[in-house]
Amino acid sequence: MGWLSGLFGGGGNKTTTSTSSAPWGPAQGALKTGINQANKLFKADPTGQKNVYTGSTVIGWDPLTQQGMSGMQSAAQSNMGGAGTSGQYQDIINHGGLSGAQREAMDGMSGLAKNPYNSYQNAALANTQNMANSQFDLNANPAFQQVLNQAQGAARDSVNMSAGGAGRYGGAVHQGNLASQVGDLTSRMVGQEYNNWQNRRDTANNNLFNMGQAGVSTQQNANNSMFGMGQQGFANLGDAYQGLQQPSETMMKIGGMNEDYATRAMNDKLRIFNEKNQAPWDQIARLNGVASGAGSLGGTQTQSAPGQNPFLTALGYGATGAGLLGSMFG
């Protein structure tokens, strides 16, 4: 049956068909223009360095900020290392947290705790002690002796005048009246002086007791004040230590501001460095993006098919009949 296959098979000639799917005609001009422009831009700046902003983006210090920083730095430097307030704070720390005025007050309180009386009070206390411990002495008070002598003299003069007027001067009655009058007067005045002394002595003892109580109270107040000042001094130590550190803390703040500025400046330099290194790759990527996008549009496809059998074509079967018979007898 091979002869039938040859008879009814396909012809010897083949047909090749090419199909072109070019981009839409009106869009082709724009695509060519875009590609040309992309090439021009790439060639004009292959590394992309013209697209990198190499200026600094860090904002510098405002003049007012610089002025404030200078003032803070100057104040801090003037009060560091024992100068200015640092010396005062260090002195407070060296003396248990007390300033010079407080130490003077502490010395005064310490003195009162040891001796609660001042010089005038001590003199009054000594006089009071002497009076409280004294013994009655008629001759101890010269003023009383003078008054007693004057009174005795006045009494004698009165008796003498009475006796002389009665014509009895120098007689026994005169002498008896004189002794009686002077004796009674002396007895009354001495007794009154004794009572006065007794009252003075009692008053002195009472005053001595009250002064003792006042002294004890003064000592207690002084001791309480010393304790309070000691506690205050202990609290002042922390405050003084903090105050001593303030100039250094100010300097550290200014240093931190400068370090922050330096860090931002360095980061900006790194930004420029990274953008300059990345720029060439960005340029290539942009060009590739344009090329790959335009290159995917359109294209050409080619297909091959066997030629028609002249005998079958003559019989009217055409390509379809030839294919059918060829499969049957092939």
Side-chain angles (χ1 to χ4, degrees), residues 22-94 97 99 235-299:
W24 183 46
Q28 292 182 10
L31 291 174
K32 291 179 180 180
T33 300
I35 293 175
N36 290 334
Q37 289 298 322
N39 283 321
K40 288 180 180 180
L41 291 174
F42 182 82
K43 292 178 180 178
D45 187 17
T47 62
Q49 298 305 305
K50 294 180 180 179
N51 294 324
V52 178
Y53 178 70
T54 57
S56 176
T57 61
V58 177
I59 305 301
W61 296 123
D62 184 87
L64 294 178
T65 302
Q66 290 181 319
Q67 183 178 356
M69 292 171 64
S70 298
M72 293 173 63
Q73 183 175 354
S74 177
Q77 289 176 337
S78 298
N79 292 277
M80 294 180 66
T85 57
S86 65
Q88 297 177 7
Y89 281 128
Q90 188 63 57
D91 182 69
I92 289 175
I93 293 174
N94 294 339
S99 65
N236 289 346
L237 285 174
D239 294 339
Y241 183 73
Q242 291 296 327
L244 193 61
Q245 290 183 332
Q246 285 180 354
S248 298
E249 291 176 353
T250 300
M251 296 293 285
M252 290 177 64
K253 289 180 181 178
I254 298 174
M257 294 174 66
N258 290 330
E259 290 171 358
D260 176 71
Y261 180 82
T263 300
R264 289 186 286 117
M266 178 56 69
N267 288 336
D268 195 50
K269 292 180 180 179
L270 293 176
R271 173 193 63 79
I272 296 173
F273 176 80
N274 292 332
E275 289 185 7
K276 291 176 70 174
N277 287 337
Q278 184 62 31
W281 297 102
D282 290 341
Q283 292 294 84
I284 294 173
R286 292 189 184 101
L287 184 62
N288 287 338
V290 173
S292 61
S296 63
L297 300 176

Self-check item: Option passing side-chain contact (heavy atoms from CB on, under 4.5 Å) with Thr250 (candidates Met80, Met72, Gln73, Gln77)
Solution: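 Of the listed residues Met80, Met72, Gln73, Gln77, the side-chain contact (heavy atoms from CB on, under 4.5 Å) partner of Thr250 is Met72.
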Quiz item: Do other residues, nucleotides or ligands put more than 12 heavy atoms under 6.0 Å from the CE atom of Met252?
Solution: no
Quiz item: Can Gln49 and Asp45 be counted as having a side-chain donor-acceptor contact under 3.5 angstrom?
Solution: no
Quiz prompt | Short side-chain to backbone donor-acceptor contact, Ser74 and Ser70, under 3.5 Å | solution = no
Practice problem: Determine yes or no for a side-chain-to-main-chain donor-acceptor pair under 3.5 angstrom, with Asp91 supplying the side chain and Gly87 the backbone. | Solution: no
To the nearest 0.5 Å, what is the distance between [atom1] on [X] and [atom2] on [Y]?
X      : Y      : atom1 : atom2 : result
Gln242 : Glu249 : CD    : CD    : 6.5 Å
Thr54  : Lys276 : OG1   : NZ    : 7.0 Å
Met266 : Glu259 : CE    : CD    : 13.5 Å
Arg286 : Leu41  : CZ    : CG    : 9.5 Å

Minimum-distance pair of heavy atoms, taken over all atoms of [X] and [Y]:
X      : Y      : value
Ile254 : Met69  : CD1-O, 3.4 Å
Arg271 : Asp268 : NE-OD1, 2.9 Å
Ser86  : Gly81  : OG-N, 3.9 Å
Pro46  : Gln283 : O-CB, 3.7 Å
Tyr53  : Glu275 : N-OE1, 4.3 Å
Ile272 : Gly55  : CD1-O, 3.8 Å

Quiz item: Between Asp260 and Arg264, is there a salt bridge with N-O shorter than 4.0 Å?
Solution: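 Yes, Arg264 and Asp260 are salt-bridged.
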